[in-house]
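Hydrogens, waters and symmetry mates are skipped; everything else that's a heavy atom, side chains included, is used. What you are looking at is a predicted structure, and each value in this text was computed from that prediction instead of being measured.
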Amino acid sequence: GCTTIAPPSQVPAEVPPVVALPPDTAPDARPGMPAEPTVPDAPVAAPDAPIEALPVPPVRKETIAIASLIERANTDAKAGRLANAAASIERALRIEPRNPRLWHELARIRVQQGDYLQAESTAARANSWSQGDAALRAANWRIIAEARQARGDRAGARTALETAERQK
């Protein structure tokens, strides 16, 4: 084939380097964009009762993949395959990174896994995207309360439960 070489005036002097994001950066974070809210750390204990799964959303043409991934995650969670359940929700989040319901589902799984710090911060992220959905916000605050209680932060858990009640 034929190869053409650009004159020196059209060749960029320097190609900008690829910037690696720190390992704790959210997959949907973009340089120059505001960071997602996080919840501060608190102390540890164990949850009393599991958080119930939300029902699978109604299947619409554009959400068939999401509905399928949520259904698979719920099936895996019920069978005790929590790592598989989390992987399904994480895959769904790559498709819809601003879906508060998916963040809620991931927070619920993190509680079941005993990863209370992640559960709390993931539920807080779900709340950051769930404007106008009081029921989902209340459910997220209940997850935050459970995570705080499990970590020994009784006052923080009480505050989160009060916040959940105010969402209604």
Report task. Rounded to the nearest 0.5 Å, what's the gap from CD1 on Ile109 to CD1 on Ile89? Could you check? Result -> 5.0 Å
Report summary line: With sequence neighbours left out, the residues meeting side chain to side chain contact (heavy atoms under 4.5 Å, CB included) with Ala126 are Trp103, His104, Asn140
Report task. With sequence neighbours excluded, tell me which residues meet side-chain hydrogen bond (donor to acceptor under 3.5 Å, both in side chains) with Glu90. Result -> Arg110
Report summary line: Tightest non-hydrogen contact, residues Ala107 and Ala123, listed as CB-N, 3.6 Å
Query raised in the report: Is the backbone N or O of Gln167 less than 3.5 Å from a side-chain atom of Arg137, with the two atoms forming a donor-acceptor pair by type?
Result: no
Query raised in the report: Step by step, would you call Arg125 with Ser128 a side chain to side chain contact (heavy atoms under 4.5 Å, CB included)?
Result: CA-CA 5 Å; Arg125 178 169 286 190; Ser128 75; 4.1 Å; yes
Report task. With sequence neighbours left out, write down each residue that passes salt bridge (charged side-chain N to carboxylate O under 4.0 Å, His left out) with Glu165, or none if nothing qualifies. Result -> Lys168
Requested in this report: Would you please name every residue forming a side-chain hydrogen bond (donor to acceptor under 3.5 Å, both in side chains) with Arg166, sequence neighbours left out?
Outcome: Thr163
Report summary line: Residues Ala119 and Val111: closest non-hydrogen pair is CB-CG2, 3.4 Å
Query raised in the report: Hey, mind stepping through Glu105 and Asn74 against side chain to side chain contact (heavy atoms under 4.5 Å, CB included) and telling me if it holds?
Result: CA-CA 9 Å; Glu105 288 296 317; Asn74 284 335; 3.5 Å; yes
Query raised in the report: What residue among Thr159, Leu136, Leu161, Asn127 forms side chain to side chain contact (heavy atoms under 4.5 Å, CB included) with Trp141?
Result: Asn127
Query raised in the report: Quick one: side-chain hydrogen bond (donor to acceptor under 3.5 Å, both in side chains) partners of Asp115, sequence neighbours excluded?
Result: none
Requested in this report: State, to 0.1 Å, how close Ala164 and Arg142 come at their nearest heavy-atom pair, and which atoms those are.
Outcome: CB-CG, 4.0 Å
Report task. Could you grab the distance from atom CZ of Arg108 to atom CD of Gln113, nearest 0.5 Å is fine? Result -> 10.5 Å
Query - Worked check of side chain to side chain contact (heavy atoms under 4.5 Å, CB included) between Leu69 and Ile95 - result: CA-CA 11 Å; Leu69 288 165; Ile95 297 168; 4.0 Å; yes
Check residues 79-88 and write down every donor-acceptor pair under 3.5 Å in which the side-chain atom is one partner and the other belongs to a residue at least two apart or another chain.
residue : atom : partner : partner atom : Å
Arg81   : NE   : Asp76   : OD1          : 2.9
Arg81   : NH2  : Asp76   : OD1          : 2.8
Ser88   : OG   : Asn84   : O            : 3.3

Query raised in the report: Under the side-chain hydrogen bond (donor to acceptor under 3.5 Å, both in side chains) test, which residues partner Gln118, sequence neighbours left out?
Result: none
